[in-house]
Amino acid sequence: MIIFILLLILLFLIYGSFLNMLSYRLISGDSLLISRSFCPNCKKTISWYDLIPVISWLNLKGKCRNCKKNISFLYPFIEILTALIFTLMILTIEPKFWLSYFLYFSAMIITIRTDLEFMLISRFATLFLIPFAFIFAYFNLLEINLIHSILGFILGYSILALMSFIFFKIKRVRGMGEGDPEMLATIGAFTGPIGAWAALTIGATLGSIYGIYLLVLKKADSSTRIPFGPLLAFGSIIYVFLKRYFNV
């Protein structure tokens, strides 16, 4: 069993490296068909021995071998996060749901990466996946039925869209990005209305704690923007693994 788990971790660390590449190219506009990875700073092709998940980043001390510019900590973070989430999925979730959650968790991880680095959420990781959620739900490949999937989509989008509209009417500035309602709509489509609500509640709680932490340390003020997409993603992931405690 230990060997099996170690093999899973290794496999998903490699997949996390792929998600890092995919996340960057979805936002940067670089072709997904480019076969070799390259440094975002100097554009030099990265050798295979500098692409070993986590280990290469540690070996290079977080710097490009060629230009010596810093390599974002998000690379090993996403690799480790991917390995953790997907290993837990294999060990705790019923196999018939693996396909749907594989797609869903991949989208959540991509969103975490792009929103943290670029403050952007790709619709390829949100709106484009909603039809798949409906299909999975219809064929019982999700832990919710089609009605709950549709209701989750509607509720998820409506809540944040309404909050954003009200905030704009009062403050005359946008309180959140366009991608956040789309993000919660996707979460709702895959996890249902309770999942959307749980993700929003957990995400808002995590965001409040983090915001207070930054204010206490005087690393931010009331105008500092905190990306909400990753908080929603973490909230939804927590919900999926702990939903039995939500009495659903």
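For reference, positions follow the sequence shown, starting with 1. Keep in mind it's a predicted model, so treat the numbers as computed, not measured.
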Side chains of Ser56 and Tyr75: any donor to acceptor distance under 3.5 Å? no
Do Lys63 and Asn70 meet the criterion of a side-chain donor-acceptor pair at a distance under 3.5 Å? yes
Find out if a path of hydrophobic residues (ILVMFWY) with successive side-chain heavy-atom gaps under 4.5 Å connects Leu11 to Leu7. no
Is it the case that the side chain of Ser72 and the backbone of Leu74 share a donor-acceptor pair, with hydrogens and angles ignored and the cut-off at 3.5 Å? yes
Looking at side-chain heavy atoms only, is the closest gap between Asn41 and Cys64 below 4.5 Å? no
With a 4.5 Å limit on heavy-atom distance, are the side chains of Leu6 and Leu10 in contact? no
For Val240 and Phe190: C-alpha separation, side-chain torsions, deciding distance, then whether side-chain contact (heavy atoms from CB on, under 4.5 Å) applies. CA-CA 10 Å; Val240 169; Phe190 276 89; over 6 Å; no
Would you please test Phe118 and Tyr24 for side-chain contact (heavy atoms from CB on, under 4.5 Å) and show each step? CA-CA 9 Å; Phe118 302 105; Tyr24 177 82; 3.8 Å; yes
Distance, nearest 0.5 Å, that separates CD1 of Ile85 from CZ of Phe102: 12.0 Å
Do other residues, nucleotides or ligands put more than 12 heavy atoms under 6.0 Å from the CZ atom of Phe124? no
Audit row: Leu103, Leu99, side-chain contact (heavy atoms from CB on, under 4.5 Å) steps and yes/no: CA-CA 6 Å; Leu103 181 64; Leu99 176 61; 6.0 Å; no
Please give me the minimum heavy-atom distance between Ser23 and Thr114, naming the atom from each residue. O-CG2, 3.6 Å
When you measure from the side chain of Lys61 to the backbone of Leu58, do you find a donor-acceptor pair of N or O atoms at a distance under 3.5 Å? no
According to a hydrophobic-cluster definition based on side-chain heavy atoms being under 4.5 Å apart (Ile, Leu, Val, Met, Phe, Trp, Tyr only), do Phe132 and Ile147 belong together? no
Rounded to the nearest 0.5 Å, what separates atom CG in Leu88 from atom OH in Tyr101? 13.5 Å
Between Phe73 and Phe77, how do the two ring planes meet: parallel, tilted or perpendicular, split at 30° and 60°? tilted
Joint hydrophobic cluster, Val54 plus Leu81, side-chain heavy atoms closer than 4.5 Å: yes
Are side-chain heavy atoms of Thr191 and Trp197 found at a separation under 4.5 Å? no
Less than 4.5 Å apart, side chain to side chain, heavy atoms only: is that true for Glu143 and Lys243? yes
Donor-acceptor contact below 3.5 Å, side chain Asp115 vs main chain Gly229: yes
Distance-only polar pair, side chains of Tyr15 and Glu79, donor-acceptor under 3.5 Å: no
Are Met89 and Tyr104 side-chain neighbours, meaning at least one heavy-atom pair lies under 4.5 Å? no
Closest contact, heavy atoms only, Ser17 versus Leu51: OG-O, 4.2 Å
Hey, what do you get for CD1 (Ile52) to CG (Leu13), rounding to the nearest 0.5 Å? 11.5 Å
Flag yes if Ile46 and Phe18 sit in one hydrophobic cluster, no otherwise; membership is Ile, Leu, Val, Met, Phe, Trp, Tyr, and two members link when side-chain heavy atoms are under 4.5 Å apart. no
Under 3.5 Å, is there a donor-acceptor pair between the side chain of Thr87 and the main chain of Leu84? no
What closest approach, in Å, do Ile110 and Ala125 show between heavy atoms, and which atom pair accounts for it? CG2-CB, 4.1 Å
Surrounding CZ of Phe241 (heavy atoms of other residues, nucleotides or ligands, distance under 6.0 Å), is the total greater than 12? yes
Quick check, are the ring centers of Phe139 and Phe134 under 6.0 angstrom apart? no
Interatomic distance, Lys68 atom NZ to Leu60 atom CG [nearest 0.5 angstrom]: 8.0 Å
What's the shortest heavy-atom distance between Ala83 and Phe12, and which atoms? CA-CB, 3.6 Å
Should we count CH2 of Trp57 as having more than 12 external heavy atoms under 6.0 Å? yes
Regarding Tyr157 and Thr186, do their side chains bring together a donor and an acceptor under 3.5 Å, going by distance alone? no
Within this structure, what is the CG-NE2 distance for the pair Leu151 and His148, rounded to the nearest 0.5 Å? 6.5 Å
Might you point out which heavy atoms bring Gly188 and Ile144 nearest each other, and give the distance in Å? O-CD1, 4.4 Å
Same apolar cluster: Tyr210 and Met108, side chain cutoff 4.5 Å: yes
Step by step, would you call Ile121 with Glu182 a side-chain contact (heavy atoms from CB on, under 4.5 Å)? CA-CA 9 Å; Ile121 297 175; Glu182 298 170 358; over 6 Å; no
Taking the inter-plane angle between the rings of Phe86 and Phe105 on a 0 to 90° scale, is it parallel (under 30°), tilted (30 to 60°) or perpendicular (over 60°)? perpendicular
Side-chain contact test, heavy atoms from C-beta onward, threshold under 4.5 Å: evaluate it for Leu146 versus Ile135 and give yes or no. no
What is the distance from atom CG of Leu127 to atom CE of Met183, rounded to the nearest 0.5 Å? 11.5 Å
Does CG belonging to Leu91 count more than 12 external heavy atoms closer than 6.0 Å? yes
Which pair of heavy atoms, one from Lys44 and one from Asn66, lies closest together, and at what distance? CD-CG, 3.2 Å
